[in-house]
Amino acid sequence: MADADTCRLCTQIIDTHFGPLTAKVASALLTRGRLSLPQLVRFTGMKPRAVRASIIMLIQHNILWHAHTDDEGEMLEFNTLECLLRPRFGRYVWLAENQFGRTGAEIVQIVLDHGKLRPPDIISRLSRYDPKSSSTYSQSLYKLVSESYLKPSTVLSHNSPRDKRIKYEAEEKAKISGFPTAKELREAKITAGARLRREEEEAEKVGLKRKAKEQPSGRSSKKNKVVEDMVDNEVYFRVNFDKFNIHMRNKLIETAVEERFNHSAALVMRATLKATESKQKSVSEIRSDPTSTAAIGMHIPDDENLSEGLATTSKKPSNSSLIRDYLGLLACADNPTPAGKAASYISLGDNKVNVEFDTISKRLRRRVLEAVTRERHGDDGVRIVRLLLDVGKMDEKHIAKVAMMANKDVRPLLSALSSDFLISTQEVPRSLDRNPTRTFYLWHVDLAKAYSALLASLYKTLYNIGARRQAEQEEPNVKAVLIKRERTDVAENAGLLTRLEREVLTEWERKREMLSVLEMRVEEAVFILRDLDLGQTSHIDTRASQVLVPRRLEAFTALTCCISQVQGPHCAQTKRLHEMTTQSRTSYSIHVDVEGTQLPPHPGPGWTRFVCISDTHSRKYRVPPGDVLLHGGDLSSWGESSQLATTIEWLKSLDHPVKIIVAGNHDLCLDQEWGQYDSWGLNPNVIEQTRAYVRSQSSFGLHYLEHEPLHFTAPTGRVWKVYGSPAAPFYVQGAFQYDTVTEAQEIYGRIPNDTEILITHTPPYGTLDKTRRGKLAGCQTLSSRLNDLNNCRLHVFGHIHEAMGARVDKVGSTDISRAVGQCGHRKKRVSVCRLTYEN
């Protein structure tokens, strides 16, 4: 499965290249993971013939993998990375034209259009109208294959590497005696990845075959026969994207050198890259093969004057001496410290020159991180990020002291950087109970997390650019002009377009060009962050990592109450949860943050943060940021429509993308049964209007649930199943109340068994339901029903103000987190309980 932004972008790319039906199949695979053909037919609602045709098309272009297991049988898996490379196809064709001329570009173009082709099919299609040109295309095809710009399409390239990787890792781990250490596990993973790549390289050693050719002479003998390579006509070839990516990387390096030094230094850098370009096979190489100064000099044009960019004492220095001076500059020879080595582009030794791709890639990626930080948070944000990158983990006071900034300025800046995942925190408890009041936080830059967040943001930007381009094209005036331009008579005579139509067309082309330039710039940043990741911060095999996204959930409970009411019970619940974590080895923890302490940062793009509140009673409070907001009822104080509207408008103003609410016993204006009580001023028309008003807010991301389920997609792409009920046992006079066990069984019997998140106004019996008088006011029927909800992970409720808090209960083999919040009427103080889970 892919995250939400990657899923949307891939679906948009497939829709643009293959059409809406194929995009529907791709979307199902992206959101649901591996699927079989019958499952795809069921989830897409398409005819089997159409699904099968879409699958064949995607397999032809290597966008789908096969996966076969004994339990699941034949399954299909989406190759995310292959799809995300498709926007670069135009640049690949341009690079092929620069390297091999027009014929080479045409060969690359036709292979990209068809996914994979055999040499006879390529030649026949290109020389259809000019048979004499077949020999020219054959020569260009041989050059492309021999220099690895085209590579064979093997059986392994169609199989998902995930299963084999897991198998190889298991075999390597089995060789470890005793309890494996982290280093041994890391080495096992590296060995498994190397074994997988070695198999792929062995499988790709086809495509060229040897054939004996006689030299023109009078006699025929073995001595006159010469063995030469030729393209194998039985092999299907596809474009080797990695080879074209090498040219893109080298151009970025050349540009970086020119920005840092000057044009002459960039010429020497280009010549160094050219000298080793034929031996560069992949962008994952740590460094280039060694080359000599003489080889570098052969790739510098004679008309270039290298002395212009270097101050020398000699009047007429030779090119070789100038090249050596530039190489010393690029190697930071005058700064033999670790900082100088990290700033170098090449390394010198034994009269040999190596280009340090690993060091350069790290620096380019760091430059993107700093550029984004400067754009969002200014120079002060860049100063903090650089400080943490250079020094390591630091606390807030130390950061303020070293960065020479005021504490009042550092704290909000750290929070803002953390909310964008540019920096992270490590919690260091001072006591065994992990009490937040006795916990301090160390700030640091988690590069893997920061780059992952930046990639997700860039994917979202690329999707928005594509959506903007499509919207501009679908504008009625533009669409009419574009349709008219496609007519044969208008194509032959542009004068048939009116002046106004020509102006519309010119404006559209200007906007399209601007969007294309923006898309190229964003794609360049994506290339640096994703393709130049040589494994130092994330995955080993890019193909598998783009598909596996962990399903994570994080829940916040925002409670407004007195601090004295929070400290005691929440500390005990923290200790209990820590014990459960140790026993079950489940990746969750709980933190309690009261007003005045730092809120913990969002754990990362692969997590879903739920902010849980309840019983706000028409009042507005500070609510922590998050992905989803859950409200446990009692939206109003006395059930008046105006009070409810105040709460609804406040909830709409919050930044949470998804908001899910239920009513409570105070929300009389939403209960249809209260239309008969005139003393409250609630007539049936007012209630119906209020209910229609609340239901109409779904377009703003606010969903009202009344004994009904809701399925929604979180920003991670995870589909969550929620059920909400406003019911509560009878207490004085209130809305949505029931008197008997039969009524309760009928209400809670509607909850689907596959519910993952349950929102009720009433608590279950015995769980955070004790009143001030010591009475347990929860519902026993609800408590019994929870035992049957094996998939339920989070239960949010309110109602009993004095029992606010959070805890995790073991129900069978399932951990259910329960959170209840109450908002006091006198003091607006917020306590935040965070529950973090990894599923």
Side-chain angles (χ1 to χ4, degrees), residues 3 5 362-428 436 439-461 522 525-526 528-530 533 536-538 552 554 556 591 593 595-609 611 622-627 654-657 715-716 830 832 834 836:
D3 60 87
D5 298 318
K362 288 180 180 178
R363 193 158 59 250
L364 289 174
R365 288 156 63 82
R366 176 169 172 170
R367 188 172 68 173
V368 172
L369 175 63
E370 293 179 356
V372 174
T373 304
R374 178 175 286 104
E375 181 181 353
R376 297 179 181 178
H377 305 286
D379 292 335
D380 290 339
V382 176
R383 186 191 309 174
I384 290 178
V385 169
R386 286 179 176 175
L387 178 63
L388 294 177
L389 283 171
D390 295 337
V391 178
K393 297 176 181 177
M394 303 173 66
D395 65 356
E396 181 182 315
K397 294 180 179 179
H398 195 191
I399 292 173
K401 181 178 180 180
V402 177
M404 295 184 291
M405 298 173 62
N407 289 329
K408 64 181 182 65
D409 297 330
V410 170
R411 176 171 294 183
L413 188 55
L414 289 174
S415 300
L417 289 168
S418 177
S419 64
D420 287 339
F421 313 115
L422 299 175
I423 62 175
S424 305
T425 57
Q426 177 179 336
E427 301 170 357
V428 182
T439 299
F440 64 94
Y441 300 92
L442 295 179
W443 298 89
H444 67 283
V445 178
D446 186 342
L447 288 176
K449 181 178 175 181
Y451 293 152
S452 178
L454 290 181
L455 264 180
S457 177
L458 292 173
Y459 287 157
K460 184 184 296 185
T461 303
V522 176
V526 170
I528 294 173
L529 293 177
R530 187 186 66 208
D533 179 10
Q536 65 269 22
T537 57
S538 58
R552 295 171 177 174
E554 183 187 32
F556 267 68
H591 303 268
D593 294 289
E595 184 178 356
T597 63
Q598 296 179 7
L599 293 178
H602 196 292
W607 295 69
T608 302
R609 169 175 285 182
V611 178
R622 178 179 60 85
V623 179
D627 302 311
L654 300 179
D655 294 332
H656 307 77
T716 60
V830 177
V832 178
R834 183 183 70 161
T836 307

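Note that this is a predicted model, so its numbers are computed, not measured. Side chains are part of it too, since the values below use all heavy atoms of this structure and drop only hydrogens, waters and symmetry mates.
One N or O on the side chain of Thr373 and one on the backbone of Leu369 form a donor-acceptor pair closer than 3.5 Å.
The minimum heavy-atom distance between Ser457 and Arg376, with the atom names listed, is OG-NH2, 3.2 Å. The heavy-atom pair separating Arg609 from Pro625 by the smallest distance is CD-O, 3.2 Å. Summarising the geometry of Val611 relative to Gly626, their closest heavy-atom pair is CG2-CA, 3.9 Å, with the distance given to 0.1 Å.
In this structure, the side chains of Val526 and Tyr459 come closer than 4.5 Å at one or more pairs of heavy atoms. Side-chain contact check for Trp443 versus Leu414: some heavy-atom pair is nearer than 4.5 Å. Leu422 has its side chain within reach of Leu454: a pair of non-hydrogen atoms, C-beta onward, lies under 4.5 Å apart. For the pair Leu442 and Thr425, the minimum side-chain heavy-atom distance is 4.5 Å or more.
In this structure, Phe440 CZ and Gln426 CD are separated by 9.0 Å, a value rounded to the nearest 0.5 Å. The OG atom of Ser418 sits 11.0 Å away from atom CG of Asp446, with the distance rounded to the nearest 0.5 Å. To the nearest 0.5 Å, the span separating CG on Leu413 from CD on Glu396 amounts to 10.5 Å. Here CG of Asp655 is found 11.5 Å from CG of Asp627. Values are rounded to the nearest 0.5 Å.
More than 12 heavy atoms of other residues, nucleotides or ligands sit less than 6.0 Å from atom CG of Asp390.
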Item to check | Stepwise side chain to side chain contact (heavy atoms under 4.5 Å, CB included) test for Leu388 and Ile423 | outcome: CA-CA 9 Å; Leu388 294 177; Ile423 62 175; 3.8 Å; yes

Item to check | Residues Arg366, Tyr451; criterion side chain to side chain donor-acceptor pair (under 3.5 Å); working and verdict | outcome: CA-CA 9 Å; Arg366 176 169 172 170; Tyr451 293 152; over 6 Å; no

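His398 meets the side chain to side chain contact (heavy atoms under 4.5 Å, CB included) test with Met394, Asp395, Val402; sequence neighbours excluded. Partners of Lys460 according to the side chain to side chain contact (heavy atoms under 4.5 Å, CB included) rule, which considers only residues two or more places apart in sequence or in another chain, are Asp5, Arg8, Asn464.
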If you look only at distance, which donor and acceptor atoms sit under 3.5 Å apart when one is on a side chain in residues 377-385 and the other is two or more places apart or in another chain?
unit_1	atom_1	unit_2	atom_2	d
His377	NE2	Asp420	OD2	2.8
Asp379	OD1	Arg374	NE	3.1
Asp380	OD1	Arg383	NH2	3.3
Arg383	NH1	Ala403	O	2.8

